[in-house]
Amino acid sequence: MRLTDFWTRLDEAFGSGYATSIASDQVLSHLDGRTIEQALAAGEQTHVVWRAVVAAYPDRVPARLR
């Protein structure tokens, strides 16, 4: 998954304002206690980060974006 696709999906799932907050403020256990931004900055693959988002917010991410 390209990084632009990742951010598009995050925006679609949460809205642009809330997506930014989730990416910078929410620590996800599936990312070893890092935020989305920290994981991406550390070189984590986007599809791994996206799976962590889906696992953390299963009711928020529409099936078509999984």
Side-chain angles (χ1 to χ4, degrees):
M1 171 187 309
R2 293 181 305 187
L3 190 57
T4 55
D5 294 333
F6 173 87
W7 289 112
T8 298
R9 287 181 184 202
L10 198 66
D11 284 350
E12 281 188 51
F14 297 97
S16 60
Y18 191 48
T20 302
S21 175
I22 286 176
S24 63
D25 299 331
Q26 297 295 313
V27 172
L28 302 180
S29 61
H30 287 86
L31 296 176
D32 298 324
R34 297 177 291 179
T35 66
I36 291 169
E37 287 182 349
Q38 290 170 334
L40 291 172
E44 194 68 63
Q45 295 181 2
T46 54
H47 72 275
V48 171
V49 178
W50 183 249
R51 282 191 224 138
V53 171
V54 171
Y57 302 97
D59 296 333
R60 188 69 190 247
V61 179
R64 65 180 173 75
L65 296 177
R66 294 177 186 209

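We use all heavy atoms of the structure for the numbers below, so side chains are in, but hydrogens, waters and symmetry mates are not.
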Would you kindly confirm whether [X] and [Y] end up in one hydrophobic cluster when ILVMFWY residues are joined by side chain heavy atoms under 4.5 Å apart?
X     : Y     : value
Val49 : Met1  : yes
Val27 : Tyr18 : no
Val54 : Tyr57 : yes
Val53 : Leu3  : yes

Just verifying a value: how many Å separate [X] [atom1] and [Y] [atom2], rounded to the nearest 0.5 Å?
X     : Y     : atom1 : atom2 : value
Thr20 : Phe14 : OG1   : CZ    : 12.0 Å
Asp5  : His47 : CG    : NE2   : 13.5 Å
Trp7  : Ile36 : CH2   : CD1   : 6.0 Å
Arg34 : Leu28 : CZ    : CG    : 10.0 Å

### Task
For Gln26, check side chain to side chain donor-acceptor pair (under 3.5 Å) against everything at least two apart and list the hits.
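Partners of Gln26 under the side chain to side chain donor-acceptor pair (under 3.5 Å) test: none.
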### Message
Using side-chain contact (heavy atoms from CB on, under 4.5 Å), reason through Thr35 and Ser24 one step at a time and then give a plain yes or no.
### Response
CA-CA 6 Å; Thr35 66; Ser24 63; 5.9 Å; no
Distance-only donor-acceptor hits, side chain of residues 58-66, under 3.5 Å, sequence neighbours excluded:
unit_1 : atom_1 : unit_2 : atom_2 : d
Arg60  : NE     : Ala13  : O      : 3.3
Arg64  : NH1    : Glu12  : OE1    : 2.9
Arg64  : NH2    : Glu12  : OE1    : 3.3
Arg66  : NE     : Val61  : O      : 3.1
Arg66  : NH2    : Pro58  : O      : 2.1
Arg66  : NH2    : Val61  : O      : 2.9

### Summary
For Ala19 and Asp11, the nearest pair of non-hydrogen atoms, with its separation, is CB-OD1, 3.4 Å
